[in-house]
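Notes to accompany the following structure.
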Amino acid sequence: MSQSHQQPALSKCPGCEEPPVAGDLFCGACGYDLSAVPARPDDRPTMAITVPPAAPAGEAVRWPTAEETDSSDVPAPVVRPADVPGTDSGGRPLTGPDTPDAESGPDAESGPGAASPSGPVRTGGPDSAAARVRHDDRADPGGAEASGDFALAAPDPRAPEHAAALAAAPAPGAKVCVACRSGRVDADGYCENCGHAQPRERDHMEQELDAVAAVSDRGLRHHRNEDSFAVSSTALPDGSPAVVAIVCDGVSSASRPDEASAAAASAANEALLESLPRGAHPQQAMHEAIVAASEAVNALAREPAGAREHDAHRHQNAPACTLVGAIMAGGLLIVGWVGDSRVYWVPEDRTQPTARLTEDDSWAAQMVAAGLMNEAEAYADERAHAITGWLGADAYELEPHTAAFKPDRPGLVVVCTDGLWNYAESAEEMAAAVPADAREQPLHAARALVGHALDGGGHDNVTVALLPFAVRPQGAGSACDTV
């Protein structure tokens, strides 16, 4: 009978490496055919690399001599240091007849046949050759020349090319970009060089005179400041002082509201500075100033057709604004207004009553005056701030409001837009927001009031003017309403 070939015993299955059961022809785990014994791999054993023993002190290490041919009896290639271009850690070439590093190795050669190095690759990083050259040049002035590299130095402002750049800068008086500091600012408010949008001059304005201070701010939500103000002082015919504050608020739903408020404030201020010194009664002067402001705003709607190409609807929606003003002259306090900007009286003695001296030209005020709503209901309505009086070519009818008061105690006059009084609506709330030292530091107090509105949300432009009022001696001035 025939005999089967004896297979070598396996300690584990070649397929799944599980130990097989003695006598099995197939693996019970994976089904591998245990009779098919894999052939012995034809590889080469790993040989240990022997390192020459350390040489005694003072003696060089003796390396074994390299074979002159490889395993195929082909002459082995020999690469010498002079054949490989490169640089050392100082940026100097490794090859060449004058290079110490190239001569230090046992196989280094020099002479006419040595290869010349190619320049190093500059990566620009802190460890790059260019960076190392700059460092080495400070210690060795000849380092850059020896390495064939170039030292990278900061531009010298005294260099001729830099002087030429300064000569090409915008002429004195021209606006220079706040970003690049070299480009000229175009009429549209953008830098011609880098395109950076420039901050508007009216975004935040401050002015202080001896007896009046005003601050105006764009706020946190509006893209521009549509408020404007004018403060000034002059003298009456008898030599006594007269102080003026005009505050205007552009109507955002109208075209060019920022231009309307600026034109109104400037026109009203100029009218008062012309009429008060020649002896006009302050209350009549205020009335005439509001009329002059209205004419200035109306003139914006009558500009030539090509004057404002960017605003195609200026005739259908004429520029408009509100106005409120105060005059302190001859012991009197004169206020005038059209719209919903306000004047408050805050006595120096905060225990005394405060007062609001103006009545809004607004939907809410009309509802309250007609008895149709109480004040809380009217100002909670979404139509509350719809104005019923304004300056502009499309106003129904100009009705300037003026009033005269004769305060019997010192205090502070607060002239402001609704961007402030929306966050301190009642006279008591406004008095609480006014700093205690407002009469001594009106500009500081005006800044604090603007900050009060910004802290409250800053939904609108904020403008406030403060006039500290001092009581004149008894017997001076005419008798008017007492605050």
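Just so it is clear, the values below take in all heavy atoms, side chains as well, and ignore hydrogens, waters and symmetry mates.
Put simply, OG on S233 and CE on M328 are 10.0 Å apart, with the number rounded to the nearest 0.5 Å. In this structure, CG on D258 lies 11.5 Å from CG on D249, to the nearest 0.5 angstrom. Note that OG1 of T402 is 10.0 Å distant from NE2 of H281, once rounded to the nearest 0.5 Å. We find the OG-CD1 distance between S362 and I387 to be 9.0 Å, quoted to the nearest 0.5 Å. Note that the CG atom of D186 and the CG atom of N193 stand 12.5 Å from one another [nearest 0.5 Å]. Atom-to-atom distance recorded for F405:CZ and I334:CD1 is 8.5 Å, nearest 0.5 angstrom.
Surrounding CG of D349 are more than 12 heavy atoms belonging to other residues, nucleotides or ligands, all under 6.0 Å away. More than 12 heavy-atom neighbours from other residues, nucleotides or ligands sit within 6.0 angstrom of CD on E440. Counting non-hydrogen atoms of other residues, nucleotides and ligands closer than 6.0 Å to CD of E359 gives a total of 12 or fewer.
Judged purely by atom type and a 3.5 angstrom limit, N461 uses its side chain to pair as donor or acceptor with the backbone of E226. Remark: the backbone N or O of D418 is paired with a side-chain donor or acceptor of N422 at under 3.5 angstrom. Side-chain atoms of H452 come within 3.5 Å of backbone atoms of Y423 as a donor-acceptor pair (strictly under, hydrogens ignored). Proximity of a side-chain donor or acceptor of R409 to a complementary backbone N or O of E348 within less than 3.5 Å is not detected. When atom types are taken as modelled, the side chain of Y344 and the backbone of E425 share a donor-acceptor pair closer than 3.5 angstrom. When atom types are taken as modelled, the side chain of D360 and the backbone of A365 share no donor-acceptor pair closer than 3.5 angstrom. With hydrogens and angles ignored, the 3.5 Å screen pairs a side-chain donor or acceptor of R439 with a backbone N or O of F469.
Nearest heavy atoms, V324 versus S341: CG1-CB, 3.5 Å.
Under the 4.5 Å side-chain criterion, counting only non-hydrogen atoms from C-beta, V215 is not in contact with T463. Residues D361 and H401 form a side-chain contact, since some pair of their non-hydrogen atoms from C-beta on lies under 4.5 Å apart.
Residues T417 and D227 bring a donor and an acceptor atom of their side chains to less than 3.5 Å of each other. Side chains of E288 and S275: a donor-acceptor N/O pair is absent below 3.5 angstrom, by distance only. Neither side chain, N225 nor H204, offers a donor N or O lying under 3.5 Å from an acceptor on the other. Inspection of the N374 and Y379 side chains reveals no N or O donor paired with an N or O acceptor under 3.5 Å. In this structure, a donor-acceptor pair under 3.5 Å is absent between the side chains of S228 and S261.
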Checking I290 against V338 for the side chain to side chain contact (heavy atoms under 4.5 Å, CB included) test, could you report, in this order, the C-alpha distance in whole Å, the side-chain angles of both residues, the deciding distance, and whether it holds?
CA-CA 8 Å; I290 296 176; V338 174; 3.8 Å; yes
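Salt bridge present: R447 and E206 bring a charged side-chain N and a carboxylate O closer than 4.0 Å.
Taking the centre of each ring, W421 and H385 come in below the 6.0 Å mark.
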